[in-house]
Chemist: 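Take this structure, written in C-alpha cells, and hold onto it; I'll ask about it next.
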Amino acid sequence: QVQLVESGGGLVQAGGSLRLSCAASGRTFSGYTMAWFRQGPGKDREFVATISSSGGSTYYADSAKGRFTISRDNAKNTVYLQMNSLKPEDTAVYYCAAGNILATSPAPYYFGYWGQGTQVTVSS
C-alpha cells in the first residue's frame with residue numbers, strides 16, 4: 001500500500017504559476033512510476049505527466065509540454081508538478097498516482113494508487 005496526499009493547488013490568474021506536491025507514505029516510493037492526471041468539470045480524467053521510478057524519464061501530454069515539469073525527490077518521497085503559463089483550460093482537480101508501468105501516454109487504469117486531488121483554478 002502507498003498513500004498519496006496532494007497539495008499546492010489554488011486560484012491563480014492566467015499566465016501565473018503553481019507548484020503541486022504529492023507526498024507518499026507506505027511502501028517504497030522509489031520503486032513506483034508516478035504520474036499526474038487532471039479532471040476538469042464534466043470531463044474525463046486525463047493524463048498530464050509521468051516520471052519513471054528513478055526520475056530519469058519523463059513524458060508529457062501535448063497540453064503540458066513546454067509549460068509543465070514533473071520531478072521527484074525519492075529522499076523526500078515526493079513528486080512535484082511545476083506549472084507555468086497557466087491557462088483557464090488548465091482548471092481541474094489534479095491527482096497524483098503511483099503505479100508500475102511507464103508509458104508515454106498512460107491510461108488511469110495503469111495506476112493502482114491515487115491521491116484525493118487538489119483543485120487548480122485559473123482565472124482569465
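Residue numbers start at 1 and run along the sequence shown. Keep in mind that what you see is a predicted model, and the values were worked out from it rather than measured.
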Chemist: Which pair of non-hydrogen atoms, one from Ala24 and one from Val2, has the smallest distance, and what is that distance?
Modeler: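 For Ala24 versus Val2, the nearest heavy atoms are CB-CG2, 4.1 Å.
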Chemist: Would you name the heavy atoms of Thr78 and Ser21 that are closest together and state the gap between them?
Modeler: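 Shortest heavy-atom contact: CG2-CB, 4.3 Å.
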Chemist: Determine all donor-acceptor pairs shorter than 3.5 Å in which one atom belongs to a side chain in residues 80-89; sequence neighbours excluded.
Modeler:
unit_1: Gln82; atom_1: NE2; unit_2: Asn84; atom_2: OD1; d: 2.9
unit_1: Asn84; atom_1: OD1; unit_2: Ser17; atom_2: OG; d: 2.9

Chemist: Could you tell me which non-hydrogen atom of Ser124 sits nearest to which non-hydrogen atom of Ala14, and how far apart they are?
Modeler: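 Heavy atoms of Ser124 and Ala14 come nearest at CA-CB, 4.4 Å.
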Chemist: Would a hydrophobic clustering, with Ile, Leu, Val, Met, Phe, Trp and Tyr connected at side-chain separations under 4.5 Å, put Val79 with Phe111?
Modeler: no
Chemist: Please enumerate all residues that pass side chain to side chain donor-acceptor pair (under 3.5 Å) together with Ser105, with sequence neighbours excluded.
Modeler: none
Chemist: Side-chain donor-acceptor contacts of residues 52-60 below 3.5 Å, not counting sequence neighbours, with atom names and distances?
Modeler:
unit_1: Ser52; atom_1: OG; unit_2: Gly55; atom_2: N; d: 3.4
unit_1: Ser52; atom_1: OG; unit_2: Gly56; atom_2: N; d: 3.2
unit_1: Ser52; atom_1: OG; unit_2: Ser57; atom_2: N; d: 3.0
unit_1: Ser54; atom_1: OG; unit_2: Gly56; atom_2: N; d: 3.2
unit_1: Tyr60; atom_1: OH; unit_2: Ile70; atom_2: N; d: 2.9

Chemist: Go through the steps to decide whether Phe47 and Trp36 satisfy the test side chain to side chain contact (heavy atoms under 4.5 Å, CB included), and finish with yes or no.
Modeler: CA-CA 7 Å; Phe47 165 69; Trp36 288 95; over 6 Å; no
Chemist: If only atom types and distance count, is the side chain of Thr50 paired as donor or acceptor with the main-chain N or O of Met34 below 3.5 Å?
Modeler: yes
Chemist: Can you list everything that forms a side-chain contact (heavy atoms from CB on, under 4.5 Å) with Ile101? Sequence neighbours excluded, please.
Modeler: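 Tyr110.
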Chemist: Take Val120 and Leu20 through the test side chain to side chain contact (heavy atoms under 4.5 Å, CB included) and record every step on the way to the result.
Modeler: CA-CA 9 Å; Val120 171; Leu20 305 184; 4.0 Å; yes
Chemist: Not counting sequence neighbours, which residues clear side-chain contact (heavy atoms from CB on, under 4.5 Å) with Gln39? List them please.
Modeler: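 Testing Gln39 for side-chain contact (heavy atoms from CB on, under 4.5 Å), a comparison that skips the adjacent residues, returns Arg45, Tyr95.
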Chemist: Taking the side chain as every heavy atom from C-beta outward, state whether Tyr94 and Gln119 have any pair of such atoms under 4.5 Å apart.
Modeler: no
Chemist: Of all residues at least two apart in sequence or in a different chain, which pass the salt bridge (charged side-chain N to carboxylate O under 4.0 Å, His left out) check with Lys65?
Modeler: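 Asp62.
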Chemist: Could you tell me whether the side chain of Glu6 and the main chain of Gly117 form a donor-acceptor pair under 3.5 Å?
Modeler: yes
Chemist: With hydrophobic residues grouped by side-chain heavy-atom distances under 4.5 Å, do Ile51 and Leu18 end up in a single group?
Modeler: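 Shared cluster, yes.
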Chemist: Which residue pairs pass the disulfide bond (SG atoms under 2.5 Å apart) test when at least one of the two sits in residues 28-92, sequence neighbours left out?
Modeler: none
Chemist: Output every pair passing disulfide bond (SG atoms under 2.5 Å apart) with a member in residues 86-124, not counting sequence neighbours, ordered by first then second residue.
Modeler: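 Pairs touching residues 86-124 that pass the test: Cys22-Cys96.
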Chemist: Give every residue pair that meets the salt bridge (Lys or Arg N to Asp or Glu O under 4.0 Å) criterion with at least one member in residues 90-102, sequence neighbours excluded.
Modeler: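 Listed by first then second residue: Arg38-Asp90, Arg67-Asp90.
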Chemist: Which heavy atom of Leu4 sits nearest a heavy atom of Tyr113, and at what distance?
Modeler: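 Scanning both residues, the minimum pair turns out to be CD1-O, 3.6 Å.
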